[in-house]
Amino acid sequence: MDPKHAIVRTPGNLYTSCLSEHPLHHTVSLKKAREQHAKYCETLSELGLEVIHVPRDDVFPDSCFVEDNAVVENGKALICRMAKESRRGEQPGVAAVLEGIMPIKWAEDPATIEGGDVVHAKGKLISGLSLRTNLEGVTQMKEWLDVPVATIFDPTIMHLKSYVTYLGKDIMIATEKYANHPALEGFNILIPPSEDEYAADTLSVGDTVLMAAGYDTAQLMVKEAGFDVISMEVSEIQKCDGALTCLSILF
Ligand code: CIR
């Protein structure tokens, strides 16, 4: 089902202190990040989504990455238990908004789970078992949301969606490492060239796919597969180890 709503949250005052291993982290500009975020929100709105803004948070540096705070499926939301201590405390703002719209449940210790690990594809979920999401997190998600969940185990990665996203029409974009994983069986897979791997984190709204600017080959592959592509500048998001999906919860 095509999404109708997008939950977003503007980068807060401490954004430049985000968790990041990106070599250009020290050059992050808050002003530019806010401009890129505003353009992202405007684009989602132009695509017909109701954009719901969670009040800005100036305490938790990574709070604009709302995707990680909750998983929504089947008209319900699981509020995530973040793996990183420095991110625990972002969720109440997002939970307060979701609670007004649908039933919610908080993931509980010993679960850790972050929405950046969870690919939504045709009523089922494919979740990373990663540095951020453990088996207990997946079990609680599966039980509360009442959906089938396939898993991809890779304890070396932060989030699965940095490598695998669902475009629509049974087509996934996935980096070489995951393209033949049994969890993706039944989907047609586009594999971007290694220098374009960052572009595997895509955000689909109907037949339109938002993709990071600067990855022309990956964009062309997606266009040739029959999608409209909107190229987005996300340099200041990338410097905080974020990408397109991280900035919203679509439902
Ligand atoms: C973090 O390390 O948690 C943030 N700096 C980036 C989170 C990106 N979120 C995502 O990929 N879903």
Side-chain angles (χ1 to χ4, degrees), residues 3 6-30 32-34 36-37 40 44 54 57-73 77-91 93-94 107 112-121 125-134 137-138 141 152 154-166 173-175 178 197-204 210-212 232 234-251:
I7 290 182
V8 296
R9 194 176 213 176
T10 299
N13 286 346
L14 293 186
Y15 181 65
T16 60
S17 305
C18 64
L19 294 169
S20 178
E21 293 182 358
H22 193 283
L24 294 179
H25 178 202
H26 62 287
T27 70
V28 182
S29 154
L30 173 59
K32 228 167 138 187
R34 284 188 174 148
Q36 292 177 351
H37 188 270
Y40 176 88
L44 294 181
V54 178
D57 163 79
D58 289 327
V59 175
F60 295 95
D62 289 292
S63 56
C64 66
F65 299 119
V66 287
E67 169 178 62
D68 298 326
N69 297 157
V71 180
V72 175
E73 185 72 32
L78 180 79
I79 308 301
C80 295
R81 182 166 182 272
M82 319 295 290
K84 290 282 182 189
E85 289 280 349
S86 73
R87 298 198 60 185
R88 290 187 188 155
E90 295 173 14
Q91 307 100 310
V94 171
T112 64
I113 180 156
E114 298 189 3
D117 261 313
V118 185
V119 179
H120 298 246
L125 306 179
I126 301 163
S127 179
L129 286 169
S130 65
L131 289 167
R132 300 289 182 91
T133 296
N134 63 18
V138 169
M141 171 169 72
I152 295 184
D154 190 340
T156 68
I157 59 170
M158 175 171 72
H159 290 136
L160 181 65
K161 273 164 109 168
S162 304
Y163 307 92
V164 178
T165 51
Y166 181 57
I173 181 164
T175 61
Y178 304 99
E197 287 198 341
Y198 178 73
D201 187 300
T202 66
L203 188 69
S204 287
L210 276 58
M211 295 184 73
M232 305 291 302
V234 284
S235 60
E236 307 314 291
I237 307 303
Q238 188 171 8
K239 288 175 190 171
C240 281
D241 284 346
L244 282 161
T245 61
C246 322
L247 298 175
S248 58
I249 302 170
L250 303 190
F251 59 97

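Counting starts at 1 for both ligands and their atoms, in listed order. No hydrogens, no waters, no symmetry mates; every other heavy atom, side chains included, goes into these values. Values in this document were obtained by computation on a predicted structure and should not be read as measured data.
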(message) With side chain to side chain contact (heavy atoms under 4.5 Å, CB included) as the test, pick out the partner of L244 among T202, T165, L210.
(response) L210
(message) According to ring pair (Phe, Tyr, Trp, His ring centres under 6.0 Å), who are the partners of F251, at least two apart in sequence or on a separate chain?
(response)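 With neighbours one apart ignored, the set is H5.
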[X] heavy atoms, cut-off 4.0 Å: which ligand 1 atoms fall inside?
| X | result |
| --- | --- |
| E67 | 10 (C), 12 (N) |
| G116 | 12 (N) |
| C240 | 4 (C), 5 (N), 6 (C) |
| D62 | 4 (C), 5 (N) |
| F65 | 4 (C), 5 (N), 6 (C), 7 (C) |

Below 3.5 Å, N or O to N or O, backbone or side chain included: is there any such pair between [X] and ligand 1?
| X | result |
| --- | --- |
| D201 | no |
| C18 | no |
| D68 | yes |
| H159 | yes |
| R132 | yes |

(message) side chain to side chain donor-acceptor pair (under 3.5 Å), that's the test. Do D154 and Y163 meet it? Break it down for me.
(response) CA-CA 11 Å; D154 190 340; Y163 307 92; over 6 Å; no
(message) We want to know whether Q238 and H22 form a side-chain donor-acceptor pair, criterion being a heavy-atom distance below 3.5 angstrom.
(response)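 No, H22 and Q238 have no side-chain donor paired with an acceptor closer than 3.5 Å.
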(request) Taking atom types as modelled, find out whether S127 and D117 have a side-chain donor-acceptor pair closer than 3.5 angstrom. (result) no
(request) Please verify whether a non-hydrogen atom of R87 lies at under 4.0 Å from ligand 1. (result) yes
(request) State the OH-NZ distance between Y15 and K239, to the nearest 0.5 angstrom. (result) 9.5 Å
(request) Rounded to the nearest 0.5 Å, what's the gap from OG1 on T133 to CE on M82? Could you check? (result) 9.0 Å
(message) Side chain, backbone, both or neither: which applies to M158 and ligand 1 if a contact is any heavy-atom pair less than 4.0 Å apart?
(response) side chain
(request) Distance to 0.1 Å, residue and atom name: give those for the protein heavy atom nearest to atom 10 (C) of ligand 1. (result)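 The answer is C246 SG, 2.8 Å.
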(message) Out of the candidates R87, Q91, K84, R132, only one should pair with D68 under the side chain to side chain donor-acceptor pair (under 3.5 Å) rule; please name it.
(response)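 So, applying the side chain to side chain donor-acceptor pair (under 3.5 Å) to D68 and each of R87, Q91, K84, R132, only R87 qualifies.
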(message) Quick test of your reading of the model: are K161 and E67 salt-bridged, counting only N-O distances below 4.0 Å?
(response) yes
